[in-house]
Amino acid sequence: MKKITELGRKLKMGDYEKNYTGAKATGSCIICGSRAKKFRDAAAKLEYSISALCQNCQDEYLNGN
């Protein structure tokens, strides 16, 4: 639960809509800014299309790894 709270706090910082749009336009992660090209599976790729989180950030914040 702590990671979800941390993710929520990070997403609230700055201008979310602008950051999300920019991340999607450049194929990068809304949290860490790295390129979001490689995903573990179709579900992770779908998650990026929804949240703009790269695989590493998905693992850290959503999967508890």
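In this text the structure is predicted, and so the values were computed from the model without any measurement. Atoms considered below: every heavy atom in the structure, side chains included; atoms not considered: hydrogens, waters and symmetry mates.
Under the 4.5 Å side-chain criterion, counting only non-hydrogen atoms from C-beta, Leu62 is in contact with Leu7. Side-chain contact between Ser49 and Lys24: present, with at least one pair of heavy atoms (C-beta onward) separated by less than 4.5 Å. With a 4.5 Å cut-off on side-chain heavy atoms, Ile4 and Arg9 do not count as touching. Side chains of Asp59 and Arg40 form a contact here, defined as non-hydrogen atoms less than 4.5 Å apart.
For the side chain to side chain donor-acceptor pair (under 3.5 Å) test, residues two or more places apart in sequence or in another chain that qualify with Thr26 are Ser28.
Considering every non-hydrogen atom in both Leu53 and Cys29, the closest pair reads CA-SG, 3.9 Å.
Within the structure, ring-ring contact (aromatic ring centres under 6.0 Å, His included) contacts touching residues 21-42 (residues at least two apart or in different chains) are Phe39-Tyr48.
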Evaluate the side-chain contact (heavy atoms from CB on, under 4.5 Å) criterion for residues Leu11 and Ile31: first the C-alpha distance (whole Å), next the side-chain angles of each, then the deciding distance (0.1 Å), finally the verdict. CA-CA 8 Å; Leu11 292 176; Ile31 298 294; 3.7 Å; yes
Might you work through the side-chain contact (heavy atoms from CB on, under 4.5 Å) test for Ile30 and Tyr16, ending with a clear yes or no? CA-CA 9 Å; Ile30 193 171; Tyr16 172 78; 3.6 Å; yes
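One finds the CG atom of Asn63 at 9.0 Å from the CD atom of Glu47 (value rounded to the nearest 0.5 Å).
Checking side-chain atoms of Gln55 against main-chain N and O of Ala44 turns up no donor-acceptor pair under 3.5 Å.
The existence of a salt bridge linking Glu6 and Lys2 is excluded, since no basic side-chain nitrogen approaches an acidic carboxylate oxygen closer than 4.0 Å.
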